[in-house]
There are 2 protein chains.
Amino acid sequence: MKLAVDAVVFGYGPSPKVSVLLVKRKYDPFKNHWAIPGGFVEEEEGLEEAVYRELEEETGIKLNYLEQLYSFGNPKRDPRERIVSIAYFGLVRPDAYNVVAATDAKEAEWHSIDHLPELAFDHDTILETAIRRLRSKITYEPIGFELLDETFPFSDLENLYTSLLGREIDRRNFRKKILSLGMLDELEIKVKKGAGRPANLFQFNKERYFQLKNDGFVFEL
Amino acid sequence: MKLAVDAVVFGYGPSPKVSVLLVKRKYDPFKNHWAIPGGFVEEEEGLEEAVYRELEEETGIKLNYLEQLYSFGNPKRDPRERIVSIAYFGLVRPDAYNVVAATDAKEAEWHSIDHLPELAFDHDTILETAIRRLRSKITYEPIGFELLDETFPFSDLENLYTSLLGREIDRRNFRKKILSLGMLDELEIKVKKGAGRPANLFQFNKERYFQLKNDGFVFEL
DNA sequence: AATTATTGCGTACATTCTACACAAATGTAT
DNA sequence: ATACATTTGTGTAGAATGTACGCAATAATT
């Protein structure tokens, strides 16, 4: 019996869509199919350590956030032999897009979660599980910020949420709600992008969030 | 590298306390320490299958609810060799108490989660994770009912929640809230226990819950 | 200078949450 | 039998929160 880790890595962009990092398999089984990056855990290696190593090797990417997702152990999930996989769930900021593009010749690509190709093994199930987790988790933990640049206009956050939740959000109420939580610092910087009034930049204050959390506060939308 | 499963099994009772099923280890390492029941996954066996088998072997208990909790893979968690454990989380109804007592000579016992003994390996961490999960999960999924008898007076449910959440709940508001969700059937049966007005029995209607869930309803306290 | 696009803010109303009081139906002590 | 303690069942007022909007401010575009 072998043990592997797989990592579902989400990014936000380049269009205002959430996408996931996939690699093209070079060998059988499922040669030339897209798959979630991952690999076997080495004997003396921690699980997260293995995730970071495999991601570095296969895609050159560095994660901004990582958490364990679920373990998949169906005896037949790999046609060759019994492989149990512990799946992880990672987030990167938009600048990671260029990193992947720069990683020479590696067959790693971003795919919008709305148009996914066929995947190897049971990776469709894993990815589905990850998407569900991301969708629900952004409503009770402030992980959405990990997908944005360190400073961002409010509209970016709003677009991320509408895109992920798949429904319209009232821009004004959403803003009030988020700001009332008191986890965002408003910067004195404005950005102009195309037409319209310039937007103020905001920054997620992680320390402040942990303070609040310790005081029994719960993030919730 | 070996793969194991461990199962944190919760019950509600016999006193109005949530308790967990532990087994006493017969061999080293951690001989005579209490531990979470579990064991190695066999080559052709599914993960949940392994959980059910081990629980049957070690405690004779049959679960009412089971879900995967988390996987623990610290390379040093077992002093002998590398063992990765996939932990599960199970619930049983009160009648399971007698079952365990009847299972001959096996060293399985219920322990209140408020007074836990020292545990083998990293089982304290696993148990802590499980308790956190149980505490939070009863507020957004109707799994509390899986710890009660099929039919129960409302006060049982209330006591379960106060005990788990560790804070007072207003009895009247709690009742209104739960009943407004429309997942409980009120039976025409009353039970008297000691002093006080006899209580009506209720029953969780699981089908109705799934219907509601499909219509976008979300359980939430 | 008018038009369009985007940001920022406020207000009225509906819904939900919270605190609290009292009646009904039983057992228990005298 | 009567008074009292105990538990269950129901309602109501005010506070807090959520929801649906309207409109001004600041930019690019025509």
Side-chain angles (χ1 to χ4, degrees), chain A residues 13 15-16 138-140 144 148-149 151-163 165-204 212 215-221, chain B residues 13 15-16 138-140 144 148-149 151-163 165-204 212 215-221:
Chain A
S15 72
I138 55 165
T139 71
Y140 63 87
L148 302 178
D149 288 313
T151 69
F152 54 88
F154 216 92
S155 51
D156 277 13
L157 188 65
E158 184 201 329
N159 290 330
L160 173 62
Y161 272 81
T162 47
S163 150
L165 298 180
R167 57 184 168 81
E168 289 302 306
I169 295 178
D170 185 277
R171 183 173 54 86
R172 296 152 288 187
N173 292 334
F174 179 72
R175 184 188 177 106
K176 255 183 300 186
K177 177 71 178 167
I178 296 278
L179 289 181
S180 76
L181 302 177
M183 309 174 317
L184 292 188
D185 294 335
E186 186 164 7
L187 306 181
E188 299 297 324
I189 311 169
K190 297 192 188 303
V191 279
K192 309 174 220 181
K193 46 172 183 177
R197 178 172 172 173
N200 238 307
L201 287 183
F202 288 86
Q203 183 165 25
F204 175 54
L212 291 168
D215 296 347
F217 158 91
V218 279
F219 178 91
E220 201 194 339
L221 298 190
Chain B
S15 71
I138 55 165
T139 70
Y140 63 86
L148 303 177
D149 288 313
T151 68
F152 53 87
F154 216 93
S155 51
D156 277 12
L157 188 65
E158 184 202 328
N159 290 330
L160 172 62
Y161 272 81
T162 47
S163 151
L165 298 179
R167 58 184 167 81
E168 289 301 306
I169 295 177
D170 185 278
R171 182 173 55 87
R172 298 154 286 188
N173 293 335
F174 180 72
R175 183 187 178 106
K176 254 182 301 187
K177 177 74 177 163
I178 297 278
L179 288 182
S180 76
L181 301 178
M183 309 176 317
L184 292 189
D185 293 335
E186 187 165 5
L187 306 182
E188 298 299 323
I189 310 169
K190 297 192 188 304
V191 279
K192 310 174 218 180
K193 46 173 183 179
R197 178 173 173 172
N200 238 309
L201 287 182
F202 289 85
Q203 184 165 23
F204 175 54
L212 291 167
D215 295 348
F217 158 91
V218 280
F219 179 92
E220 202 194 337
L221 298 188

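The sequence lines fix the lettering, A, B, ..., with proteins before strands; numbering per chain opens at 1.
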Subject >> C:dT7 phosphate, OP1 or OP2, under 4.0 Å from A:Ser155 side-chain N/O >> reply: yes
Subject >> Between CG on residue A:Leu165 and CG on residue A:Leu160, distance to nearest 0.5 Å >> reply: 8.5 Å
Original post:
Looking at residues 178-188 of chain A, who's got a heavy atom less than 4.0 Å off DNA chain C?
Top reply: none
Original post:
Do you know which two heavy atoms are closest between B:Leu221 and B:Lys177, and how far apart they sit?
Top reply: CD2-CG, 4.1 Å
Subject >> Residues which pass side chain to side chain contact (heavy atoms under 4.5 Å, CB included) with B:Leu179, listed by chain and number, not counting sequence neighbours >> reply: B:Phe154, B:Arg175, B:Leu184, B:Phe202
**OP:** For A:Leu212 and A:Leu181, run side chain to side chain contact (heavy atoms under 4.5 Å, CB included): C-alpha distance rounded to whole Å, both residues' side-chain angles, the deciding distance at 0.1 Å, then the answer.
**Re:** CA-CA 9 Å; A:Leu212 291 168; A:Leu181 302 177; over 6 Å; no
Subject >> salt bridge (Lys or Arg N to Asp or Glu O under 4.0 Å) against B:Asp185, all qualifying residues, sequence neighbours excluded >> reply: none
Subject >> Check: B:Tyr161 side chain, B:Gly144 main-chain N or O, donor-acceptor pair, under 3.5 Å >> reply: no
Subject >> Inter-axis angle, terminal five-pair segments of the helix from C:dA1-D:dT30 to C:dT30-D:dA1 [nearest 10°] >> reply: 0°
Subject >> Which residues share a salt bridge (Lys or Arg N to Asp or Glu O under 4.0 Å) with B:Asp149, sequence neighbours left out >> reply: none
All N/O pairs under 3.5 Å across the protein-nucleotides 28-30 of chain C interface:
none

Original post:
Could you state the CG-C1' distance from B:Leu157 to D:dT7, rounded to the nearest angstrom?
Top reply: 16 Å
**OP:** In whole angstrom, give the distance that lies between atom CZ of B:Phe154 and atom C1' of D:dT7.
**Re:** 15 Å
Subject >> Sequence neighbours excluded, every pair satisfying side-chain hydrogen bond (donor to acceptor under 3.5 Å, both in side chains) that has a member inside residues 151-160 of chain A >> reply: A:Asp156-A:Lys193
Subject >> Separation of C:dA5 C1' from A:Glu158 CD (nearest whole Å) >> reply: 14 Å
Original post:
Residues two or more places apart in sequence or in another chain: which of them pass side chain to side chain contact (heavy atoms under 4.5 Å, CB included) with B:Tyr140?
Top reply: B:Ser136, B:Lys137
**OP:** Let me know the distance between NZ of A:Lys190 and C1' of D:dA25, rounded to the nearest Å.
**Re:** 11 Å
**OP:** To the nearest Å, give me how far apart CZ (B:Arg175) and P (D:dT7) are.
**Re:** 16 Å
Original post:
Out of curiosity, B:Arg167 CZ to B:Thr162 OG1, how far, rounded to the nearest 0.5 Å?
Top reply: 10.0 Å
Original post:
The side chain of A:Pro198 lies closest to which of these nucleotides: C:dG27, D:dA27, C:dG8?
Top reply: D:dA27
Original post:
Taking atom P of C:dC20 as reference, at what distance in whole Å does atom CD of B:Glu168 sit?
Top reply: 13 Å
Subject >> Residues in side chain to side chain donor-acceptor pair (under 3.5 Å) contact with A:Arg171, at least two apart in sequence or another chain >> reply: none
**OP:** Starting at atom CG of B:Leu201, determine the distance to atom P of D:dG9, rounded to an integer number of angstrom.
**Re:** 10 Å
**OP:** Kindly write out the residues that satisfy side chain to side chain contact (heavy atoms under 4.5 Å, CB included) with B:Ile189, not counting sequence neighbours, or none if the list is empty.
**Re:** B:Leu187, B:Leu201
Please tabulate the protein-to-nucleotide N/O contacts below 3.5 Å involving nucleotides 17-24 of chain D, giving atom names and distances.
| unit_1 | atom_1 | unit_2 | atom_2 | d |
| --- | --- | --- | --- | --- |
| D:dG18 | OP1 | A:Lys177 | NZ | 3.3 |
| D:dA20 | N7 | A:Asn173 | ND2 | 2.9 |
| D:dA20 | N6 | A:Asn173 | OD1 | 3.2 |
| D:dA20 | N6 | A:Lys176 | NZ | 3.3 |
| D:dC21 | N4 | A:Arg172 | NE | 3.2 |
| D:dG22 | N7 | A:Arg172 | NH1 | 2.6 |
| D:dG22 | O6 | A:Arg172 | NE | 3.2 |
| D:dG22 | O6 | A:Arg172 | NH1 | 2.4 |

**OP:** Can you tell me the distance, in whole Å, between the CG atom of B:Asn200 and the C1' atom of D:dG9?
**Re:** 9 Å
Subject >> Non-neighbouring partners of A:Pro16 that pass side chain to side chain contact (heavy atoms under 4.5 Å, CB included), sequence neighbours left out >> reply: A:Tyr12
Original post:
Could you give the distance from CD1 (B:Ile178) to CD1 (B:Ile169), rounded to the nearest 0.5 Å?
Top reply: 8.5 Å
